[in-house]
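When a ligand or atom number is given, it counts from 1 through the structure's own listing order. Keep in mind that this is a model prediction, so the values were computed, not measured. Numbering of residues begins at 1 and proceeds along the displayed sequence.
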Amino acid sequence: MDRLIVTIDGPSGSGKSTLAKLLACRERFFYIDTGALYRSIAYLFSTQPTPEKLSKLSISWKKVNTEYHLFVFNRDMEPYIRGEEVGKDASIIAKLPFVRRFVNNMVRGSVKEGRYVVEGRDAGSVIFPEAQVKIYLQADLKERAMRRAKELHVEKDMILYKIKERDEKDITRKDSPLVIPEGAHVIDTTNKTQEEVYIQVISLLK
Ligand code: DC
């Protein structure tokens with residue numbers, strides 16, 4: 001069996017996870033969410049990870065119903081890592097080159113033969129620049145804040161400035177800032193339904 005890699009890059013709330021989950025569920029892609037790694041590291045060590053602490057982690061991806069979750073020492077991290085506070089710490093530790101190296105090596109090592117969708121801020125630009133299909137999703141800030149607010153059941157205005165702050169950190173980061181990967185298909189999801197985005201991406205796979 002050959003290896004097919006689809007990468008999805010883009011800012012917070014642009015629709016990366018939704019698209020990746022649809023590909024995993026309907027097209028049987030193995031789904032790797034790189035943000036879950038940064039979030040898990042932030043959850044476990046707050047803003048104080050060290051190379052020693054990271055080297056002791058035992059990490060795996062497991063299918064839970066139709067989704068893929070990150071497990072650390074056989075514990076499903078999903079219930080603990082989705083809040084905005086963990087997201088904020090994740091964007092702080094994501095600046096550390098040894099953390100990025102750890103995540104990138106972990107992700108590259110997880111990809112063998114088969115179909116993979118790899119989602120993150122630098123999936124197509126840094127981790128897999130050789131991916132066959134690279135997608136970059138973007139959407140207006142207000143729309144992204146609205147989506148996150150719905151997801152987290154919080155006020156839109158409260159989340160808007162946090163997303164803006166996170167965008168700033170992701171874009172200005174020295175190591176692997178958020179960029180449109182070379183050769184990526186850019187899709188603006190602001191006025192598109194999940195289904196419309198999915199159909200557009202599927203047409204790129206044919
Ligand atoms: O996509 P997310 O919201 O789950 O990501 C959380 C944080 O992790 C994000 O603010 C920046 C960091 N991150 C990163 O720097 N590179 C990635 N490939 C994925 C996430």
Among all protein heavy atoms, pick out the one at the shortest distance from atom 16 (N) of ligand 1; state its residue, atom name and that distance to 0.1 Å. R100 NH2, 3.0 Å
What atoms of ligand 1 come within less than 4.0 Å of a heavy atom belonging to R148? 3 (O)
Got the closest protein heavy atom to atom 12 (C) of ligand 1, with its distance? A94 CB, 3.8 Å
Looking only at protein heavy atoms, identify the closest one to atom 10 (O) of ligand 1 and say how far it is in Å. R166 CD, 3.0 Å
Closest candidate by heavy atom, reference atom 4 (O) of ligand 1, pool R121, R39, R173: R39
Would a distance-only check, ignoring hydrogens and angles, find a side-chain to backbone donor-acceptor pair under 3.5 Å from Q138 to D188? no
With no hydrogens and no angle check, do the side chains of Y31 and E67 hold a donor and an acceptor under 3.5 Å apart? no
Using a 4.0 Å cutoff against the non-hydrogen atoms of A90, which atoms of ligand 1 qualify? 7 (C), 8 (O)
Atoms of ligand 1 close to G120 [distance to a heavy atom under 4.0 angstrom, numbered from 1]: 18 (N)
Is the closest basic N to carboxylate O distance between E195 and R26 below 4.0 Å? yes
Who's the nearest protein heavy-atom neighbour of atom 11 (C) of ligand 1, and how far? D170 OD1, 3.4 Å
NZ or CZ of R75 within 45° of Y80 ring axis and under 6.0 Å: yes
Salt bridge or not for E165 and K162, using N-O below 4.0 Å? no
For ligand 1, which atoms, with element, lie under 4.0 Å from some heavy atom of S91? 10 (O)
Using distance alone, determine whether T34 and ligand 1 share an N or O pair under 3.5 Å. yes
salt_bridge(R82, E78) N-O dist < 4.0 Å: yes
Could you tell me the residue and atom name of the protein heavy atom closest to atom 18 (N) of ligand 1, and the distance to it rounded to 0.1 Å? D122 OD1, 2.7 Å
Is there a donor-acceptor pair closer than 3.5 Å between any side-chain N or O of R100 and the backbone N or O of A94? yes
Is it true that E84 and R166 make a salt bridge, defined as a side-chain N closer than 4.0 Å to a carboxylate O? yes
Among protein heavy atoms, which lies nearest atom 8 (O) of ligand 1, and at what distance? Y38 CB, 3.6 Å
